[in-house]
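Single-structure report; data block below.
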Amino acid sequence: MSAKKNVRRRSAEWFGKDGKDGFHHRSWMKNQGLPHHLFDGRPVIGICNTWSELTPCNAHFRVLAERVKRGVYEMGGFPLEFPVMSLGETLMRPSTMLFRNLVSMDVEESIRANPIDGVVLLVGCDKTTPALLMGAASCDLPTIAVSGGPMLNGRFRDQQIGSGTHVWKFEDMVRAGEMSMGEFMDAEACMSRSVGHCMTMGTASTMASMAESSGIALPTNAAIPAADSRRNVLAHLAGRRIVEMVEQDLRMSQILTREAFENAIRTNGAIGGSTNAVVHLLALAGRLGVDLDLADWDALGQEVPCIVNLMPSGKYLMEDFYYAGGLPVVLRELGEGGLLNRDALTVNGHTLWENVKDAKCWNRDVIFPLDKPFKDRGGIVVLNGNLAPDGAIIKPSAASPELMRHRGKAVVFEDIDDYKARIDDPNLDVDADSVLVLKGCGPKGYPGFPETGNMGLPARLLKQGVSDMVRISDARMSGTAFGTVVLHTAPESAAGGPLALVRNGDEIELDVPARRLVLHIDEEELARRRAAWTPPAAHSDRGYLKLYIDHVMQADTGADLDFLVGSSGAAVPRESH
Ligand code: FES
């Protein structure tokens with residue numbers, strides 16, 4: 001994979017032209033003080049930047065982009081940074097997931113429309129990673145993802161606190177009367193005390209790990225803290241390497257093969273990764289034409305134990321993970337256990353196994369050996385049954401073992417507003433054995449498939465010491481969250497899935513070992529309810545929201561827009577003047 005290939009570069013169709021077209025393309029670029037020799041046919045590297053002050057996790061990306069540029073220049077390339085819409089998890093409403101596919105379109109069209117030969121994707125906050133990978137995949141140029149890195153460990157008084165995970169814990173403590181509002185607010189600055197994204201094994205760190213384990217990012221991408229100077233080195237090295245990849249014409253589709261996805265899915269199990277990776281990887285595979293479905297998550301994850309002791313499943317944080325050896329150690333463990341496609345190619349031109357085979361672990365309380373795992377069961381379990389004909393998922397490593405087999409009466413919330421209005425109502429007919437059911441939060445619901453699946457428990461039960469209950473919804477869950485939470489129920493209630501038909505007092509059975517999610521209602525009653533069901537009113541009749549609602553697919557296929565599945569390649573569009 002090291003040989004240079006003699007291919008005519010896309011950028012030559014802009015910068016290599018004579019006459020007025022070439023003049024147009026070069027002259028205006030020169031207003032940035034770019035010397036003529038940069039247009040001599042060298043690889044043009046796009047740096048796709050999701051920097052935004054509204055995306056705090058990515059707010060340090062201008063520095064990172066400059067480091068990528070250094071590397072590109074060093075190798076004789078020509079770097080050009082460009083912005084795309086950024087998705088800040090903590091501020092955007094109603095849900096960043098509503099916009100993942102929109103950003104992927106922005107990325108795809110920005111790359112294809114411009115004189116770009118290879119791309120470095122600067123990714124960090126949750127949705128920025130899948131959105132940029134999906135968009136770039138539909139062009140299929142040489143591509144490297146560089147994650148922004150996790151924040152330093154949160155620290156509140158004498159306690160390590162984790163992004164998100166401790167927000168849920170502290171909120172429950174406030175509701176249970178164990179923490180004052182003043183203390184709660186003190187903890188804010190203690191949690192987020194450096195640049196970077198969430199430092200639990202939430203969705204951002206999971207997706208950074210997915211990028212590394214699938215080979216589309218350089219080794220160590222997942223865990224170097226954002227504030228560590230080695231993160232800048234990684235960006236610099238990515239800049240160097242992408243130039244070589246263009247010269248070798250090593251494209252994204254040669255890296256992100258079925259084998260690479262299998263590696264990523266097993267890695268997700270081993271790290272106790274976020275359930276959000278399920279929809280993101282399915283959607284990404286769809287762009288690349290890789291044959292991957294929801295059942296693969298269960299099948300591939302079955303034998304994978306969780307070997308990483310990180311919040312929300314465990315007690316450590318990403319900084320500890322990096323010092324313990326990081327993802328290369330996890331991949332080595334998987335490889336030695338026969339759970340890795342060792343020959344999968346990575347962006348540095350080496351196989352995944354070549355990259356990780358000598359990785360050393362420096363802390364066995366953070367990264368456990370495969371044969372003495374942190375938790376026996378790491379992967380995602382896919383549930384089926386009459387309540388989820390197209391599947392639903394649960395993450396056993398974040399759930400309570402005693403609730404893995406449970407039968408209880410449904411307490412139903414028709415939507416998130418109904419939940420908020422009634423969850424703490426003293427008259428709510430609920431006890432610890434109840435099953436909380438939330439509707440209206442799937443891809444079409446809400447709209448935009450929000451992270452409301454780990455709904456908080458009734459304050460009355462929290463005060464009694466209840467810490468977990470079975471919860472079922474068509475929503476997603478934050479990667480930083482935990483609990484016995486069934487998610488992504490498909491079809492969703494807003495699309496007329498059986499979840500829409502559940503009523504208070506119905507008996508629901510969850511049997512994780514048997515992979516069953518059953519609504520114990522006879523067929524005739526179910527048919528009566530189905531006949532009486534009416535779809536919810538449309539959220540909007542215009543703009544992106546209408547496009548999204550009309551075209552979004554269900555969770556079991558990754559919630560991409562139906563017309564975005566697949567690739568249009570990177571053929572150079574027609575000249576415009
Ligand atoms: Fe950005 Fe968690 S809020 S990664």
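Note that ligands are numbered from 1 as they come in the structure, with each ligand's atoms numbered from 1 the same way. Position 1 is the first residue of the sequence; numbering continues from there. These numbers come from a predicted model, not from an experiment. Just so you know, these numbers use all the heavy atoms, side chains as well, and skip hydrogens, waters and symmetry mates.
- The residue among G148, G124, C57 with a heavy atom at the shortest distance from atom 3 (S) of ligand 1 is C57.
- Near D126, meaning under 4.0 Å from one of its heavy atoms, ligand 1 places the atoms 2 (Fe), 4 (S).
- Under 2.8 Å from atom 1 (Fe) of ligand 1 lies an N/O/S atom of C125, whether from backbone or side chain.
- Put simply, the side chain of R193 gets close to the backbone of N153: a donor and an acceptor are under 3.5 Å apart.
- The closest protein non-hydrogen atom to atom 2 (Fe) of ligand 1 is C198 SG, 2.1 Å.
- For the side-chain hydrogen bond (donor to acceptor under 3.5 Å, both in side chains) with K127, the qualifying choice from N276, T50, T55, T96 is T96, the only one to do so.
- Residue A204 touches ligand 1 through its side chain alone, judged by heavy-atom distances below 4.0 Å.
- For ligand 1, the atoms lying closer than 4.0 Å to a non-hydrogen atom of H197 are 4 (S).
- Annotation: H488 is in aromatic contact with F449 [ring centroid separation under 6.0 Å].
- Close contacts between ligand 1 and E89 involve ligand atoms 3 (S) [criterion: under 4.0 Å to a heavy atom].
- Shown here for C198 and S205, the closest heavy-atom pair between the two residues is O-OG, 3.3 Å.
- When each of I367, V330, I307 is tested with I271 by the rule side-chain contact (heavy atoms from CB on, under 4.5 Å), just one qualifies, namely V330.
- Against a heavy-atom cut-off of under 4.0 Å, T90 is close to the following atoms of ligand 1: 3 (S).
- Minimum heavy-atom separation, D474 to K439: OD1-C, 3.9 Å.
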